[in-house]
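The chains referred to below are lettered A, B, ... by the order of the sequence lines, with proteins before strands, and numbering in each begins at 1. The basis for the numbers below is simple: all heavy atoms, side chains too, and nothing from hydrogens, waters or symmetry mates.
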Amino acid sequence: MRLKLKLPNPGLDDRIPSHGDLEKMEKDEAGDRPQWDNKAQYLLTCVGFCVGLGNVWRFPYLCQSHGGGAFMIPFLILLVLEGIPLLHLEFAIGQRLRKGSVGVWRSINPYLAGVGIASMLVSFLVGVYYNTIMAWIMWYLFNSFQDPLPWSQCPLNANRTGYVEECARSTTVDYFWYRETLNTSTAIDESGGLQWWMVLALIAAWTVLYVCCIRGIETTGKAVYITSTLPYLVLTIFLVRGLTLKGSTEGIKYLFTPDVNELMNPSTWLDAGAQVFYSFSLAFGGLISFSSYNSVHNNCELDAVLISIINGCTSVYSATVIYSIIGFRATQKYDECFGDNILKLMNTFNYPENNITQSNYDEILTHLNHTSPDVIQGLSLQNCDMQTFLSQGVEGTGLAFIVFTEAIIEMPISPLWSVLFFVMLFCLGLSTMFGSIEGVIAPLLELKLLPRSWPKEVISGLTCFISLALGLIFALRSGNYWLALFDNFAGSIPLLVIGFFEMISVVYIYGMDRFNKDLEFMIGHKPNIFWQATWRVISPLIMIFILIFYFVTQVTKELTYLVWDQEAESFPTLAERYYPQWVYAMIFILAGVPSLAIPIFALYKLIQRKFCKKDYSDSTVDTISAKIQMSDKMKF
Amino acid sequence: MLGRIVFFLCLPSVLAAQLCKPNAAEGFKVRLSIKTALGDNAYEWNRNQRFLFQAAIAFAMSHHLDLEFNVSNILVCDETPRVSFWFVVTSPDDPSRLVGKESVELAVRASRSRINNILLLNDATLEFIGVLPTLAAPVKPATPSWLIVFGVVIGIIGAGIVFLLVSTVVQKKRKENEVAEEEDDDEEAQMKRMAGNEGICNTSFSECDRNTQM
């Protein structure tokens, strides 16, 4: 039984190029639309866009916290049921309609242009804060060219008798990150001033991005040969290095040990779904743009499957690498902790050196507990637990700038590993930024907001400059808190909303039948039952579930954030604070404005149509020749 | 008589035993971690090594106070298998009087690295309990190294941007010249060029299909 659900959509044929037009465009290579030099460029660009920092620092954390190896099951299932169909959809619609995000949705129905505008806004907001993370990465990269690394030592206090208090109470890496890099304040309202070194790093990040995007895909297409392949090389080097370090297998075991009970937990499935969705960089509009530069008969079905598999495998691969290094660090900390305890015992009870080792520690401790329990109490021996060290703060910026940097200073030839690591992160982030910038510039050009005469270079320069200006907010002392705000709200709910509308628009407004015929024209065969089922029913349902879940959790939970506060009791652990009232307005702007752009624009278009009675678009020329259809379907 | 001689002979050692005791007011506890510092090359702590330690402290005291201290002025007691002990410093003029704690601390701090080197140890493995170590400040070059790297990167990027922009302008100028050349051509030359093609298909009249549909 065929689902004949389709909303009326008059005038669709006039807005989109027909199959004949597409064939002609293919032969003439007409139009000033840019094109890929070869298929490899296109694939590398898409892989680069999809594979980003999230694969390195979000997926491993999710994997480890949701039952290790068992997390693969929901991840793979949702990859197949949600990721691949959505990816194929975006590729196909871009390739078919040959426009950027605004153009595509406007062609399908003028009321839907809001979806494209929402994509553009989200791409812009995400681009602004994502490039700040790039600036941080560049800062660490610049600081890696020295031995010893600056985050391996605490600075001395004023009278040179000890280390700075903040550093002594926390760790050297914490101090370097929170004080010397961010110079963070204690609350989001205390903005402090602009930190000049951060401003320089931001300028560096945006100029690098500008030079790569200066002529659109002409330049990014060349840049991706390096930015998309180098991370894999570095990951492999780190894997080899990691496996030769002591304790790496502990980390890998911890990562992959399955806990099947986690599969019963709904939040595992929802986190897996969200991770698949965000990891594919869907709903940014960048993928639609990139596909529109393809030739019409490019096999987008194969591309979608291929890129999904690469993305999934990269996530698993980088999780292995990251956790081998984390295992090493945890073992180091464990040995250190044990060493401290043993030293305390040796010093107090005057045992000769090397008499107490990790193996006989327990029996000696019990013996001493019998003989002199009060002394043992007074010593305050720490409880050294490997599991605690393995599960410490290992996601997001905390992973890269605190945990991993701590592991690096324990490795021999630290500057080399530091440079490699941050170059890898930089490449991962840069290739994602290419997609973001494309998701901003292509709609801008289509909305005709800028004069046609302006060359591409000026437009990309202007975009980068305005983003840099807005990004200066992250160079304030409270910048880190602003970034967390942007990350939580600008890059989460709006994307889910846009993704959902994309599916509905293509399946029910553009029409599944028409879409099937398009695919048959483009790749030679009609999409099979898998695609039909997922596009029509399964993927939209999954999207709705995830959207509702996210919305409910965000609305019901208290809005708090974590601060680095020396005065706090829990120092050096981050303290929790409530957001001030005006932040709610900011949250509404970040999450609400892009999402609401969809209905607001539809409303605007409706009002425009109603009040401007002259309908230019509906006029048809009433002549005889217009009625004769010169197509090969008519049989004479 | 003999008894008195014996008494006076034993007095210094008895006095020494009384002067040096654990938790002495003017004494310091020292802790060595030789195996941690030297691993396989660790030396055995014995009388000779102790002598070396005493000599080092005597050197430090002499250097600081500008008096002549002897090894016998440094009294060591309460040795443990951990290799920790207490020591006190007696004044060279009067062996029954101890040198003040502050002077000893200052002397040790002043020559700390020298003492460490003599015993092949460092601040962490040769601990004087109560004496704060003078930490070596991390080396800070005049220009932070990150600024240098930043300058290099920005320089390369700037050069890249200038190059790309200039090449765009040059390409545009070249295109304008070509178009101008084309326009200057005679109609004849244009016709000749066109004659090579099969003509331009006018899309408003037909579907531009070369073969007639059957």
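- Contacts of A/Ser144 with chain B are absent, with no heavy-atom separation under 4.5 Å from either backbone or side chain.
- In terms of heavy-atom pairs under 4.5 angstrom with chain B, the leader among A/Thr207, A/Asn350, A/Ile203, A/Val208 is A/Asn350.
- Of the atoms belonging to A/Trp139, it is side-chain heavy atoms, and not backbone ones, that fall under 4.5 Å from chain B.
- Contacts from residues 34-41 of chain B to chain A, taken as heavy-atom pairs separated by less than 4.5 Å, involve B/Ile34, B/Lys35, B/Thr36 in sequence order.
- In this structure, chain B has a heavy atom under 4.5 Å from the side chain of A/Leu343, while its backbone stays farther away.
- Residue-environment remark: NE2 (A/His19) exceeds the threshold of 12 foreign heavy atoms within 6.0 Å.
- Contacts between B/Val83 and chain A at a heavy-atom distance below 4.5 Å are absent for every atom of the residue.
- The parts of B/Ser33 that come within reach of chain A are both its backbone and its side chain, each placing non-hydrogen atoms under 4.5 angstrom from that chain.
- When heavy atoms are compared at a cutoff of 4.5 Å, A/Phe145 approaches chain B by way of both its backbone and its side chain.
- For A/Asn347, the parts lying under 4.5 angstrom from a heavy atom of chain B are both the backbone and the side chain.
- Interface remark: A/Phe349 contributes no atoms to any contact with chain B (heavy atom separation under 4.5 Å).
- Under the 30°/60° scheme for interplanar angles, the aromatic rings of A/Phe142 and B/Trp146 are found to lie parallel.
- A/Met346 and B/Arg82 make their closest contact through O-CD, 3.5 Å (heavy atoms, listed as atom of the first residue, atom of the second, distance).
- Environment of CZ in B/Arg114: sparse, with no more than 12 heavy atoms of neighbouring residues, nucleotides or ligands closer than 6.0 Å.
- The local environment of CZ in B/Phe51 is sparse, with at most 12 non-hydrogen atoms from other residues, nucleotides or ligands closer than 6.0 Å.
- Inter-residue side-chain proximity for A/Leu200 and B/Leu147 is flagged as met; some heavy-atom pair is nearer than 4.5 Å.
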Which atom pairs, one a donor and one an acceptor, fall under 3.5 Å between side chains of residues 160-173 of chain B and the rest of the protein, sequence neighbours left out?
from     : atom 1 : to       : atom 2 : distance (Å)
B/Ser167 : OG     : A/Arg215 : NH2    : 2.6
B/Ser167 : OG     : B/Phe163 : O      : 3.4
B/Ser167 : OG     : B/Leu164 : O      : 2.8
B/Thr168 : OG1    : A/Arg215 : NE     : 3.3
B/Thr168 : OG1    : A/Arg215 : NH2    : 3.2
B/Thr168 : OG1    : A/Glu457 : OE2    : 2.9
B/Thr168 : OG1    : B/Leu164 : O      : 2.7

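- Nearest heavy atoms, A/Ala204 versus B/Phe150: CB-CE1, 3.7 Å.
- Heavy-atom contacts from other residues, nucleotides or ligands closer than 6.0 Å to CG of B/Leu121 number more than 12.
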